[in-house]
Amino acid sequence: MLKKRDDFEDILEERRRSSDLRYALRCYTPTLYRGLVPCKASMLKSIVLQSDHLQYVIKQVSSESGESTEGVSEEASLILDEMAHCLQLSTIRFFAFTLSKAFKRLFRSVCVNEEGIQRLQQAVQEHPVVLLPSHRSYMDFLMMSYLLYTYDLPLPVIAAGMDFMSMKFVGEMLRMSGAFFIRRSFGGDKLYWAVFSEYVKTMLRNGYAPIEFFLEGTRSRTCKSLTPKTGLLNIVMEPFFKGELFDVNLVPVSISYERILEESLYARELLGIPKPKESTSGLLKARRVLSEDYGSMYVYFGHPVSVRSLAEGKINRSQYNLLPRYIPQKPSADTHEFLSDAAFRLVRIQEENMVLKPWVLIATLLLQNPDGLDLSSLAEQTDWLRHLALAFGAFLDWPDHEACSEVVSCSLALHRHLLSVSAGHVQLSVTDVPQVETTPEEAVFHQAVVVLSCASYRNQILHVFLRPALLAMAMQSANSNRKDDVYNGFNFLRKVFSNEFILCPGDSVQDFEEACYLLMKRGVLQVLEHEIVMSASGHSTLAFLSSVLDPFLQGYQVVCRYLCEETNENLTEKEFIPAVRSFALKLILAGNTCYEALSSDLQKNALAAFLRLKAVRKLCLFTFLFLCHTGGKIPTQKPILARL
Amino acid sequence: SGLSQQVIIMATRIKYICRHQDEAYKLGLSLSFRQEIMKWNGWGYSDSRFLFNKKGQAEFTGKRYRLSGLILPSLKDWFEGTFGANLQHKSPATVSQVAVAPPNLNEPFIEDLKAAGVAASHDPEDRVFRAHGHCLHEIFALREGRIGRVPDMVVWPSCHSDVEKIVELACKHNVCLIPYGGGTSVSSALECPHEETRSIVSLDTSQMNRILWIDEKNLTAHVEAGIIGQDLERQLNEHGYCTGHEPDSMEFSSLGGWVATRASGMKKNIYGNIEDLVVHIKMVTPRGVIEKSCLGPRMSTGPDIHHFILGSEGTLGVVTEVTMKIRPIPEYQKYGSVVFPNFQQGVACLREVARQRCAPASIRLMDNEQFQFGHALKPQVSSIFMSFLDGLKKFYITKFKGFDPHHLCVATLLFEGDRGKVLQHEKQVYDIAAKFGGLAAGEDNGQRGYMLTFVIAYLRDLGMDYYVIGESFETSVPWDRVLDLCRNVKERIVRECKERGVQFPPLSTCRFTQTYDAGACVYFYFAFNYRGLSDPVHVYEQVEHAAREEILANGGSLSHHHGVGKLRKEWMKESVSGVGLGMLKSVKEYVDPQNIFGNRNLL
């Protein structure tokens with residue numbers, strides 16, 4: 001079960017020993033794609049504008065809108081100017097220098113799996129490469145480019161959200177370091193889509209540079225992986241589908257932080273304290289972060305995934321034979337399914353390769369024990385959990401030859417701002433806020449910031465426990481040992497939580513079997529032909545596992561109760577989050593639910609799940625929600641409400 | 001002058017054959033004279049083959065070809081370098097003949113046949129010779145003395161009415177007939193179906209080889225369908241005419257075979273493919289004879305019934321006589337060649353030539369690997385002056401013009417017509433080539449390119465003596481996908497070989513052999529060193545299968561002119577749609593309900 005994983009190397013070690021300036025000015029000779037068509041960034045623009053695809057769409061848009069083709073072309077050219085990167089080595093060198101300084105202050109080490117780098121070096125030469133890093137922090141893409149520069153790999157061009165552009169100076173700097181900017185939403189804009197997709201495809205086809213984008217679409221504020229988006233994935237796969245490229249290598253990259261820079265920022269955002277608009281001055285204020293210790297950072301370059309082998313037997317490429325390839329074609333139903341499936345698999349690879357620190361285990365335990373734990377018992381339980389996690393295949397970075405208590409106290413020290421430790425007793429608590437003169441509501445919010453920050457660490461290991469935990473929960477509520485009943489419960493929970501966690505659609509049997517296998521191996525369960533029986537020693541493990549998911553269940557319950565009890569006929573989508581939040585707040589004050597119910601991420605996911613399960617119906621786009629009250633209409637809704 | 005005369009030196013003619021009723025059956029052996037001068041387990045004439053002599057130099061034996069009797073000094077290095085082969089490691093054919101099971105004869109059929117006076121034989125050699133085409137797996141098995149089901153007997157009709165009699169008797173006695181023309185099939189079309197329990201009779205058309213009349217007013221000739229390409233061309237030449245149909249197999253393939261597979265000739269740009277050349281076809285089917293009632297040049301009488309016959313691959317009947325267009329022999333022929341800095345430029349040039357519709361009689365483009373291969377087949381130069389000249393040319397192209405010898409590619413050209421027009425045409429084409437960076441590279445290179453076409457099939461036999469197996473296959477593809485298809489298919493071949501344990505990178509190369517308004521015909525050559533593989537033919541077939549899938553996925557056709565046979569049957573439905581296949585099946589059902597023409601090709 002436990003895969004052999006690569007060793008890591010700390011790249012900061014070298015930085016601490018030699019001159020950053022020399023490093024920034026060193027000779028950079030990246031390995032290149034063997035089919036490279038050399039071209040400059042400026043030429044790229046004209047290739048895109050002249051492309052058959054874009055010309056076709058321009059004519060189409062012009063004939064539909066009545067605008068002249070020159071006008072539409074001009075518009076396309078402006079879109080491209082707004083979008084295009086202008087990657088310059090000099091900017092990269094500037095970043096290489098400044099980031100070296102910054103990273104050395106922020107992190108104790110930045111660890112990279114060298115074998116992954118070697119694999120990437122191979123992959124880069126063979127076929128065009130798409131880098132797919134996980135997204136937890138603004139640091140991610142700066143770090144990616146920094147690493148590729150360090151290892152003499154071709155510098156990537158990065159799809160970035162337009163919001164960065166508003167930072168005047170920084171936006172331009174990022175552009176010069178290879179970022180290109182896409183509007184967050186451009187649903188029906190044919191021309192925009194054409195310019196954008198042609199731009200990406202041209203770079204890919206010519207082997208201009210590795211394309212980097214975030215499958216999750218945005219930074220995960222909770223440190224859980226987000227449901228992947230497939231739009232860009234389709235764009236980078238299409239040149240293969242259409243035979244323009246023999247293959248494309250997708251390289252999932254897992255970036256994990258021992259302590260996340262944006263930790264409390266995210267927690268506040270989830271609690272509805274609005275995210276500050278990205279601005280340069282805001283960034284300067286964030287200088288404070290430079291003085292803190294963020295522990296280590298890990299970057300794991302996964303095995304390249306060939307699009308060709310992914311699509312083998314799933315995509316019939318001859319479906320593209322009958323239309324000239326420059327005419328845009330909406331992906332067919334099976335292409336859609338393939339894209340979504342591929343995206344999920346890639347995110348799961350990201351998850352599996354995410355390095356986990358001991359603190360993640362400690363955070364999980366502290367969240368389950370809101371009244372705190374004695375240090376000795378914490379160490380003991382952490383050790384127990386460590387073995388469980390390892391048995392489930394967690395990629396845990398546990399220091400060799402160190403006593404467990406030692407490891408625990410080191411972790412506690414790094415994360416002391418979330419804890420109060422007194423007389424050998426550890427508890428999650430507010431440390432830096434004056435306790436006087438706060439209303440009970442404010443106190444709840446202060447505590448919630450700590451809890452949600454802590455939860456973001458627990459969330460990093462959820463993927464390891466998720467399937468067994470769903471099984472544990474299903475067994476608890478099934479009131480039966482029959483395999484069928486347990487499976488039905490499992491499947492139901494899986495459906496409810498599929499917006500919350502990465503659960504590949506269609507994998508339910510596989511997931512169930514995996515969960516059974518893991519728990520059986522651990523001696524927790526016996527899986528017979530028609531029955532699943534808990535073994536005598538299995539209770540504590542099952543109890544632990546189901547309480548891992550408990551906050552989510554409680555949170556969904558809150559949303560359910562809100563929808564059932566509090567709303568009148570119609571509710572606008574805008575009102576939903578604030579209303580649920582104050583509802584949850586009341587419940588917390590009454591001691592009836594946990595802090596995590598306040599998370600807007602959870603609330604949104606719950607609503608999306610209820611929409612998907614047709615327990616709630618959207619009446620009018622973006623305006624009204626009509627609730628089919630659960631009274632009997634949705635039979636599946638009953639058991640969960642009852643259980644909740 | 002011209003190609004036909006250089007290549008067609010063979011003057012062997014099947015002599016007048018006594019068709020006396022009593023002697024006919026015994027005369028089987030003398031009737032099959034052609035097989036006496038041909039290899040039974042390889043390509044072409046027995047006297048013509050490549051070999052490495054005692055000094056390790058390659059030579060081509062015999063007297064038939066321009067290359068015959070010459071030493072090819074660079075072939076050994078190319079061969080060893082390309083395939084990782086070694087002259088010490090030999091894999092010669094292991095048997096001199098192959099054992100076959102006794103024939104399953106239908107005695108009443110034979111009795112009636114004798115009564116009808118049709119020549120026949122069930123001699124094992126005759127049967128084996130007609131039991132296969134030239135697919136790799138067929139030849140490879142023969143060299144090891146293996147063969148599957150073979151025909152139980154061979155019949156030699158000598159005219160249309162003989163065929164009518166045979167087909168009638170076959171229906172009467174429920175015998176399976178497999179028409180056999182030149183035997184050059186590369187689609188497993190001649191393989192006898194294993195599941196066939198009836199007596200299988202190979203219907204050899206080789207005795208139906210006369211030109212029945214020539215009509216100089218309409219420029220047509222009426223020819224029996226068993227005639228072999230080179231004989232047809234030579235006999236017409238004697239009258240001052242030609243058909244201009246020159247498929248690469250024309251030394252051995254027959255007119256009836258061309259019709260049955262929708263053949264394509266090298267000079268189709270002037271003369272057209274077989275479907276453009278035929279004016280009238282006569283075919284004997286179990287339902288009777290199908291033919292049109294007049295020789296009008298075009299008709300609007302519903303779907304053209306010729307198109308049920310063209311490409312029917314012997315599943316509906318036997319083509320017995322064909323009226324073909326003929327042309328006066330061209331006054332002047334000129335070869336030419338152009339070197340391009342890379343394949344992309346070469347393709348762009350061909351596309352432009354096709355756009356301007358000014359393609360010469362033939363225009364072909366070889367990729368870099370084939371260019372190098374062609375070089376390896378350069379014979380020893382006779383004088384120091386020539387070798388100096390060669391060196392100078394090479395210097396000019398690579399050093400002065402800066403062409404990378406590992407990227408450059410060559411187009412070969414053949415112009416035909418009256419002298420003035422040829423020269424004018426030549427200039428037009430070279431001017432276009434120049435726009436794409438092309439440099440004229442001389443007549444000699446062009447001519448050698450075409451000569452290669454005829455000897456390349458012999459080379460496979462040489463390879464097989466040294467653990468190298470290979471084959472070619474073809475497709476047609478629209479212009480906009482041509483480059484992508486070539487790159488992807490070549491790469492797929494390399495990758496599949498690697499995945500299947502082939503120790504040395506394979507030769508994976510392609511060339512354009514035809515251009516059309518809307519696309520081109522592409523030929524792939526693929527060969528590899530099979531040392532260390534337990535079942536090389538299986539590996540070969542898997543790779544070829546993968547390559548075909550890649551072709552189809554990239555917008556290429558199932559076949560441009562080789563046909564489907566049994567080798568590519570599995571893709572027919574995908575290629576022509578379920579309804580299309582159903583149409584063809586219903587035609588088969590009507591024409592041949594007993595499945596007398598039971599070779600099971602195509603459908």
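In what follows, chains are A, B, ... by sequence order, proteins preceding strands, each numbered from 1.
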Task: Heavy-atom contacts under 4.5 Å, residues 545-563 of chain B to chain A - done: Glu550(B), Leu552(B), Ala553(B), Asn554(B), Gly555(B)
Open item on the list: Over 60° means perpendicular and under 30° means parallel, so tell me whether His85(A) and Tyr208(A) are parallel, tilted or perpendicular.
Closed with: tilted
Open item on the list: Could you measure the distance from the CD atom of Glu75(A) to the CG atom of Asp189(A)? Nearest 0.5 Å is fine.
Closed with: 7.5 Å
TODO: Take Thr513(B) and Glu474(B) through the test side-chain hydrogen bond (donor to acceptor under 3.5 Å, both in side chains) and record every step on the way to the result.
DONE: CA-CA 9 Å; Thr513(B) 59; Glu474(B) 39 74 52; over 6 Å; no
TODO: Decide ring-ring contact (aromatic ring centres under 6.0 Å, His included) for Tyr530(B) and Phe528(B); before the verdict, give the C-alpha distance in whole Å, the side-chain angles of both, and the deciding distance to 0.1 Å.
DONE: CA-CA 6 Å; Tyr530(B) 68 83; Phe528(B) 62 86; 7.3 Å; no
- [ ] Please assess His407(B) against Phe403(B) for the test ring-ring contact (aromatic ring centres under 6.0 Å, His included), listing each intermediate value before the final yes or no.
- [x] CA-CA 7 Å; His407(B) 284 121; Phe403(B) 284 20; over 10 Å; no
Open item on the list: With a strict 4.5 Å heavy-atom criterion, list every residue of residues 494-511 of chain B that contacts chain A, or say none.
Closed with: Arg495(B)
Open item on the list: Less than 4.5 Å apart, side chain to side chain, heavy atoms only: is that true for Glu369(B) and Lys490(B)?
Closed with: yes
- [ ] Please determine which of Phe340(B), Tyr523(B), Phe343(B) meets the ring-ring contact (aromatic ring centres under 6.0 Å, His included) test together with Phe512(B).
- [x] Phe343(B)
- [ ] Would you mind checking which part of Leu245(A) comes under 4.5 Å of any heavy atom in chain B, side chain (CB onward), backbone (N, CA, C, O), both or neither?
- [x] backbone
Open item on the list: Under a 4.0 Å threshold between the charged nitrogen and the carboxylate oxygen, would Glu352(B) count as salt-bridged to Lys435(B)?
Closed with: no
Task: Interchain contact, Asp52(A) with chain B, by part (heavy-atom threshold 4.5 Å) - done: neither
Task: Exceeds 12 heavy-atom contacts within 6.0 angstrom, atom NE2 of His307(B) - done: yes
Open item on the list: Looking at Lys242(A) and Arg325(A), would you say the former's side chain and the latter's main chain have a donor-acceptor pair under 3.5 Å?
Closed with: yes
Open item on the list: Please rank Glu574(B), Arg487(B), Arg481(B), Arg492(B) by heavy-atom pairs under 4.5 Å with chain A and give me the top one.
Closed with: Arg481(B)
Task: Arg357(B), CZ atom: more than 12 neighbouring heavy atoms under 6.0 Å - done: no
TODO: Residue by residue, scan residues 228-237 of chain A and write down, ordered by number, those that have a heavy-atom distance under 4.5 Å to chain B; if none do, write 'none'.
DONE: none
- [ ] Classify the angle between the aromatic ring planes of Phe241(A) and Tyr320(A) as parallel (below 30°), tilted (30 to 60°) or perpendicular (above 60°).
- [x] parallel
Task: Contacts of type side-chain contact (heavy atoms from CB on, under 4.5 Å), residue Glu541(B), not counting sequence neighbours - done: His137(B), Val537(B)
Open item on the list: Let's go through Trp78(B) and Thr82(B) carefully: what are the C-alpha distance in whole Å and the side-chain angles of both, what is the deciding distance for side-chain hydrogen bond (donor to acceptor under 3.5 Å, both in side chains) to 0.1 Å, and is it a yes or a no?
Closed with: CA-CA 6 Å; Trp78(B) 176 84; Thr82(B) 305; 3.2 Å; yes
